[in-house]
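Written below as structure tokens is the structure these notes are about.
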Amino acid sequence: MLDIKLIRKEPDYFVKKISERNTKVNIKDLISLDKKNRDLIQNKEKLEQEKKIISQKKDKKLFKKSKDISLKIDKLILEQSKIKKQIDLVISALPNIALDDVPVGSDESQNKEVKKIGDITKFNFKPLSHDVIGKKIGQMDFDVASKTSGTRFVFLKNQLALLERAISNFMLDVHTKEFGYLEVSPPLIVNDETMFGTGQLPKFESDQFELKVDDEKSRKFLIPTAEVILTNIVRDSFVKKEDLPMRFVASTACFRKEAGSYGKDTKGMIRQHQFYKVELVSIVDPKNNLDELERMTNCAQTILKKLKLPYRVVLLSSGDMGFSAEKTYDLEVWIPSEEKYREISSCSSCGQFQARRMKAKFKSNKNETDFLGTLNGSGLAVGRTLIAIMENYQQKDGSIIIPEVLRPYMFNQDRIR
């Protein structure tokens, strides 16, 4: 959530930066609501002071006046609460502001390529897509999944199921042993306050899988990513500065309706309702956010380097970033059958945006209370890693060579046949 003080102080700058995120806001109405809110608070405080003075006099003749003041205070509290809700409703739907070095653009066409790593795989035959390979070896079944669950689901079997598990375990080992992330096995169900904290609600409610529960006051959702549950570990809390940075990693199933992608990537495993992802989350002193973003992106890149998969790093434009992000690097892996790079990781700094929504604080060096900095990144998307391995390591005879670093996780097999 954005800081109303910043909006009040520099409204023109705010309007400009919000417009760069493909979002419009009626700044005059917001400033007007903010002024009403502050006036109501000020009036309430004056009346409270007056009532305090009356109570100190202990004069029974002033009892009625004190009672009248109490009624006025109650009325102001009610009115101020309504105005505050209107302000919060507007601000909670506004995206984070992009940092100045983020390319300004309306969509992915304005993204900036930072670098390319690895040589694109050359084949002496026409490479097949992962879904064709999977069907040929009889270990990837979309038809049965369609009968049991619907579209955008898949059954992985035998060695492909083992490969999926191997990828996840390999990633967890690298991030915990080499980079010091704390492994967490979190709940996969969260409440609406948790979803609000990281920015999934209220704006992206249509993309979430909500569960039916008996208690109507408590809304529950399947996590769209482990970022949601891991970041909210510090919700409504006060973290000691000496405990920073906090770095978490989890491998979980993720669930998304993909509401805005009908007709897009309908073939294969590229875009599923249920998928697995190894997620990295950092909680830091906000002044260290950008350094941590570089570190996190490098951690994710290390996985691709160890797997010897060709990829590129892309700095996203202001219009292509996620709602809560202030700066994002995407890692895109080469997919031979499509002859293009595909997103396999997205690493974002969210500044204090999420911490403000979560009320997650710490004490700065100046001993002042401040909101924490948060970051998240895929380390990596497991399904897309599996796709990249199947396609980049496919052989003419239909087999798939297993990357060397994964072989200890696959009973030392060297290929899938």
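In this structure, a donor-acceptor pair under 3.5 Å is present between the side chains of Asn191 and Thr194. Residues Gln413 and Gln159 have side chains that bring a donor and an acceptor to within less than 3.5 angstrom of each other. Counting only N and O atoms by type, the side chains of Gln354 and Thr374 include a donor and acceptor under 3.5 Å apart. Residues Asn298 and Gln301 bring a donor and an acceptor atom of their side chains to less than 3.5 Å of each other. When only modelled atom types and interatomic distance are considered, Gln80 and Asn43 share no side-chain donor-acceptor pair under 3.5 Å. No side-chain donor from either of Asn96 and Ser324 sits under 3.5 Å from a side-chain acceptor of the other.
Of the possible donor and acceptor atoms, none in the side chain of Arg152 sits under 3.5 Å from a partner among the backbone N and O of His273. Arg356 contributes no side-chain N or O that, together with a main-chain N or O of Leu2, makes up a donor-acceptor pair within less than 3.5 Å. Proximity of a side-chain donor or acceptor of Arg384 to a complementary backbone N or O of Ile270 within less than 3.5 Å is detected. No side-chain donor-acceptor contact under 3.5 Å links Ser146 to the backbone of Phe142. At distances below 3.5 Å, not a single donor-acceptor pair connects side-chain atoms of Glu20 with backbone N or O atoms of Ser318.
In this structure, CG on Asp29 lies 12.5 Å from CG on Asp34, to the nearest 0.5 angstrom. Atom CG of Leu307 is separated from atom CG of Leu406 by 5.5 Å, given to the nearest 0.5 angstrom. Taking CG of Asn289 as the reference point, atom CZ of Phe353 lies at 13.5 Å (rounded to 0.5 Å). Going from atom CD1 of Ile344 over to atom CD1 of Ile303 covers 10.0 Å, rounded to the nearest 0.5 Å. Atom CZ of Arg407 is separated from atom CZ of Arg415 by 8.5 Å, given to the nearest 0.5 angstrom. Of the inter-residue distances, the one linking Asn392 atom CG with Ile400 atom CD1 reads 11.5 Å to the nearest 0.5 angstrom.
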TODO: Begin from the C-alpha positions of Leu331 and Val333 and carry the test side chain to side chain contact (heavy atoms under 4.5 Å, CB included) through to its verdict.
DONE: CA-CA 7 Å; Leu331 305 184; Val333 70; over 6 Å; no
Task: salt bridge (Lys or Arg N to Asp or Glu O under 4.0 Å) between Lys84 and Asp88, worked out - done: CA-CA 6 Å; Lys84 183 67 167 60; Asp88 289 345; 3.0 Å; yes
TODO: Mind running side chain to side chain donor-acceptor pair (under 3.5 Å) on Ser346 and Asp330 for me, showing each step along the way?
DONE: CA-CA 4 Å; Ser346 196; Asp330 268 9; 2.6 Å; yes
- [ ] Apply side chain to side chain contact (heavy atoms under 4.5 Å, CB included) to the pair His175 and Thr302, showing each step before the final yes or no.
- [x] CA-CA 9 Å; His175 292 310; Thr302 298; over 6 Å; no
- [ ] Any chance you could lay out the side chain to side chain contact (heavy atoms under 4.5 Å, CB included) test for Tyr329 and Ser345, step after step, and finish with the verdict?
- [x] CA-CA 8 Å; Tyr329 289 113; Ser345 171; over 6 Å; no
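Between Phe170 and Tyr409, the ring planes are perpendicular. Angles over 60° get that label, and only those under 30° would be called parallel. Between Phe125 and Phe123, the two ring planes are perpendicular [angle over 60°; tilted spans 30° to 60°].
Proximity of Leu160 to Glu164: side-chain heavy atoms (C-beta onward) are nowhere separated by under 4.5 Å. Looking at heavy atoms from C-beta onward, Pro127 lies out of side-chain contact with Glu391 at the 4.5 angstrom threshold. Contact check for Leu6 versus Phe14: no side-chain heavy atoms found under the 4.5 Å cut-off.
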